[in-house]
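Report on the structure given below.
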Amino acid sequence: LQDIIQDVYMVLIMSVNPGFGGQKFIPTTVSRVAAIKAECNRRGVSPHIEVDGGINTETASLCAQAGASVLVMGSAFFKAQDRAALAKQVRAL
C-alpha cells in the first residue's frame, strides 16, 4: 500500500479468511488497521479503511478505535433479534 496509498479511496482489510460467513475475527486485524491508519496520517491522506468479516459489537469497537471507518457486519447482523438496535449501537461507535 505504501506506493499507492495516496491514490486510493478505500482500503479493504479482510478480518476472516474469504469464502464463507460466520467465521471468527482474526485478532491481528486490529493492529493492521492501526498500522494503515498511522501510515495514512503520516502521509496526510484519509481513505476509508473498511474491515470485513467477524464484525460484532466487540470487534466493531476495536476496529473503530484502531481507525476503521467502514465495517461490514454479516452474520452478527442477520442473526440479531433486533437488527435496528444493533445497527444503531455499532454506528454510535
Side-chain angles (χ1 to χ4, degrees):
L1 285 174
Q2 289 182 339
D3 292 338
I4 63 167
I5 196 68
Q6 67 281 354
D7 298 321
V8 299
Y9 173 78
M10 181 179 287
V11 175
L12 169 62
I13 299 173
M14 292 300 299
S15 48
V16 296
N17 295 311
F20 59 93
Q23 296 182 59
K24 294 208 183 274
F25 182 84
I26 298 170
T28 56
T29 300
V30 177
S31 61
R32 291 171 37 210
V33 171
I36 291 170
K37 182 65 174 179
E39 182 64 17
C40 289
N41 289 341
R42 189 180 77 74
R43 291 176 179 248
V45 297
S46 55
H48 290 286
I49 299 174
E50 176 180 2
V51 181
D52 184 346
I55 298 296
N56 56 37
T57 54
E58 179 185 337
T59 58
S61 178
L62 294 171
C63 290
Q65 289 173 16
S69 57
V70 178
L71 303 170
V72 177
M73 181 183 286
S75 296
F77 178 79
F78 289 107
K79 291 179 181 179
Q81 297 228 4
D82 187 344
R83 294 176 185 163
L86 178 60
K88 184 176 182 178
Q89 181 181 5
V90 172
R91 282 188 185 116
L93 300 171

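We use all heavy atoms of the structure for the numbers below, so side chains are in, but hydrogens, waters and symmetry mates are not. Note that the coordinates shown come from a computational prediction; the quantities given were computed from them, not determined experimentally.
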Identify every side-chain donor-acceptor pair in residues 82-91 under 3.5 Å, counting partners at least two apart or on other chains, and give the distances.
| unit_1 | atom_1 | unit_2 | atom_2 | d |
| --- | --- | --- | --- | --- |
| Asp82 | OD1 | Ala84 | N | 3.4 |
| Asp82 | OD1 | Ala85 | N | 3.1 |
| Arg83 | NE | Phe77 | O | 3.4 |
| Arg83 | NH2 | Phe78 | O | 2.9 |

Legend entry - Remaining members of hydrophobic cluster (4.5 Å side-chain criterion), Val72: none

Inset, instruction - Examine Val33 and Val45 and state if one hydrophobic cluster contains both, with Ile, Leu, Val, Met, Phe, Trp and Tyr joined whenever side-chain heavy atoms are less than 4.5 Å apart. - result: yes

Inset, instruction - Write out all pairs satisfying side-chain hydrogen bond (donor to acceptor under 3.5 Å, both in side chains) with one or both partners inside residues 15-29, taking only residues at least two apart or from two chains. - result: none

Inset, instruction - Just jot down the side chain to side chain contact (heavy atoms under 4.5 Å, CB included) partners of Gln2, sequence neighbours excluded, or say none. - result: Glu39, Arg43

Inset, instruction - Please check if Tyr9 and Val70 belong to a single hydrophobic cluster, counting links between Ile, Leu, Val, Met, Phe, Trp and Tyr side chain heavy atoms closer than 4.5 Å. - result: yes

Legend entry - Derivation of the side chain to side chain contact (heavy atoms under 4.5 Å, CB included) call for Glu50 and Val11: CA-CA 6 Å; Glu50 176 180 2; Val11 175; over 6 Å; no

Donor-acceptor contacts, no H, no angles, side chain residues 60-69, under 3.5 Å, sequence neighbours left out:
| unit_1 | atom_1 | unit_2 | atom_2 | d |
| --- | --- | --- | --- | --- |
| Ser61 | OG | Gln65 | NE2 | 3.1 |
| Ser69 | OG | His48 | ND1 | 3.2 |
| Ser69 | OG | Ile49 | N | 3.2 |

Inset, instruction - Look at the side-chain heavy atoms of Ile, Leu, Val, Met, Phe, Trp and Tyr, link any pair under 4.5 Å apart, and say whether Ile36 and Val8 land in one connected group. - result: yes

Legend entry - Least distance between heavy atoms, Gly22 atom then Ser75 atom: N-OG, 3.1 Å

Legend entry - Qualifying residues under side chain to side chain contact (heavy atoms under 4.5 Å, CB included), relative to Thr59, sequence neighbours excluded: Phe25, Ile55, Asn56

Inset, instruction - Consider only side-chain heavy atoms of I, L, V, M, F, W and Y, link residues closer than 4.5 Å, and tell whether Ile26 and Leu12 are in one cluster. - result: no

Legend entry - Hydrophobic cluster identity match, Ile13 and Ile5, side-chain contacts under 4.5 Å: yes

Legend entry - Straight-line distance of Gln6 CD to Ser46 OG, nearest 0.5 Å: 13.0 Å

